[in-house]
Amino acid sequence: MREAISIAKSALSTGDVPVGAIVINRDGVVIGKGFNEREATNDPTAHAEIVALRSATARLQNSRLDGCTLIVTLEPCAMCAGAIAQARISHLIFGAWDEKAGAVGSVWDVIRDPRAIYKMDVTSGVLKDECAELLQNFFGEQRKG
């Protein structure tokens, strides 16, 4: 999670919300990284999770990431939760809760919905205070400006 937090800070240089994500394989090797790039690329799908998934699937030359873990600093939204499931991630770990748009327990639970076809393990709240502080500082600065 600390690496995802470090990656999240990269988004600050482009004015993007500081969310970071990494994908690790079964051996614990990072195979994909990403931070929010919506503002930088004018792409509404360029959330940290999607960028990290794209990076990992490109590296593996496979759209399925069975056995891999996605670590992200913020609870995924509905779009990202769907993409995570489609990528066949085995374990999702996230830090801060997103009480406005979270789709892994806060507002919705796309990942653990009993009707979901693909099941994965979820660990929430890892370094949640550090992850939340990064976001709170960003939005506090946005309100000042």
Side-chain angles (χ1 to χ4, degrees), residues 1-139 142:
M1 182 62 75
R2 293 210 188 281
E3 185 166 352
I5 291 170
S6 178
I7 291 167
K9 293 175 184 175
S10 299
L12 296 171
S13 66
T14 61
D16 279 284
V17 177
V19 177
I22 60 172
V23 178
I24 58 174
N25 67 14
R26 285 183 174 96
D27 298 323
V29 175
V30 175
I31 59 168
K33 299 178 183 183
F35 56 87
N36 275 356
E37 297 180 8
R38 286 177 46 130
E39 300 301 320
T41 62
N42 295 311
D43 179 356
T45 69
H47 288 201
E49 300 94 314
I50 303 291
V51 175
L53 291 173
R54 287 176 180 157
S55 173
T57 58
R59 180 169 178 179
L60 296 181
Q61 293 294 293
N62 191 336
S63 66
R64 292 181 180 224
L65 298 173
D66 299 289
C68 293
T69 299
L70 175 70
I71 303 169
V72 61
T73 59
L74 180 65
E75 177 186 4
C77 69
M79 174 185 68
C80 292
I84 292 163
Q86 289 296 316
R88 306 295 195 258
I89 288 289
S90 296
H91 190 187
L92 168 65
I93 300 171
F94 69 88
W97 291 93
D98 185 346
E99 300 296 333
K100 293 181 180 178
V104 189
S106 289
V107 180
W108 301 285
D109 200 342
V110 172
I111 298 290
R112 293 173 290 200
D113 187 296
R115 297 163 293 186
I117 295 170
Y118 187 74
K119 310 293 183 205
M120 73 187 70
D121 294 325
V122 176
T123 304
S124 58
V126 175
L127 297 179
K128 66 181 179 182
D129 293 336
E130 287 181 49
C131 294
E133 182 180 9
L134 186 59
L135 293 162
Q136 289 164 350
N137 290 343
F138 173 79
F139 287 114
Q142 293 292 309

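Because only heavy atoms are used, hydrogens play no part in the values below, and waters and symmetry mates are left out as well, while side chains stay in.
- For the pair Thr41 and Thr14, the minimum side-chain heavy-atom distance is 4.5 Å or more.
- Ile84 has its side chain within reach of Met120: a pair of non-hydrogen atoms, C-beta onward, lies under 4.5 Å apart.
- Using a 4.5 Å heavy-atom threshold, the side chains of Val19 and His47 count as separate.
- Every side chain to side chain contact (heavy atoms under 4.5 Å, CB included) that Asn62 has, sequence neighbours left out, goes to Leu60, Arg64.
- Summarising the local packing, NZ of Lys9 is surrounded by 12 or fewer heavy atoms from other residues, nucleotides or ligands at distances under 6.0 Å.
- Among all heavy-atom pairs drawn from Ala96 and Ala132, the shortest one is CB-N, 3.8 Å.
- Take Asp121 and apply the side chain to side chain contact (heavy atoms under 4.5 Å, CB included) test, not counting sequence neighbours, and it matches His91.
- With rounding to the nearest 0.5 angstrom, the CG atom of Leu92 is 9.0 Å from the OG1 atom of Thr69.
- Heavy-atom minimum distance, Gly20 versus Ala8: N-CB, 3.3 Å.
- Taking the side chain to side chain contact (heavy atoms under 4.5 Å, CB included) definition, one finds that Asn137 meets it with Glu133, sequence neighbours left out.
- Rounding to the nearest 0.5 Å places CZ of Arg88 at 7.5 Å from CG of Asp66.
- Residue pairs satisfying the ring pair (Phe, Tyr, Trp, His ring centres under 6.0 Å) criterion with at least one member in residues 95-135, sequence neighbours excluded, are listed as follows: Phe94-Trp97.
- Interatomic distance, Leu74 CG to Ser106 OG, rounded to the nearest 0.5 Å: 8.5 Å.
- Of the inter-residue distances, the one linking Cys68 atom SG with Asp27 atom CG reads 9.5 Å to the nearest 0.5 angstrom.
- The side chain to side chain contact (heavy atoms under 4.5 Å, CB included) check on Lys33 picks up Glu3, Ile7, Ile22, Val30, with sequence neighbours excluded.
- With a 4.5 Å cut-off on side-chain heavy atoms, Ile5 and Cys131 count as touching.
- Remark: the backbone N or O of Ala48 is paired with a side-chain donor or acceptor of Asn36 at under 3.5 angstrom.
- Across Pro18 and Thr73, no two heavy atoms sit closer than the pair O-OG1, 4.2 Å.
- Once rounded to the nearest 0.5 Å, the distance linking CZ of Arg59 with CG of Asn25 reads 7.5 Å.
- Legend: residues meeting salt bridge (Lys or Arg N to Asp or Glu O under 4.0 Å) with Glu130, ordered by chain and number and at least two apart, are Arg2.
- Of all non-hydrogen atoms in Leu70 and Ala21, the two that sit nearest each other are CD1-CB, 4.1 Å.
- The shortest side-chain heavy-atom distance between Val51 and Phe35 does not fall under the 4.5 Å cut-off.
- Nearest heavy atoms, Phe138 versus Leu12: CD1-CD2, 3.6 Å.
- Contact annotation: the side chain of Asp109 approaches that of Val104 to within less than 4.5 Å [non-hydrogen atoms, C-beta and beyond].
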Exercise. Given the rule in the side-chain contact (heavy atoms from CB on, under 4.5 Å) test, do Lys100 and Val107 qualify, once you have shown the distances and angles that lead to the verdict?
Worked result: CA-CA 7 Å; Lys100 293 181 180 178; Val107 180; 5.7 Å; no

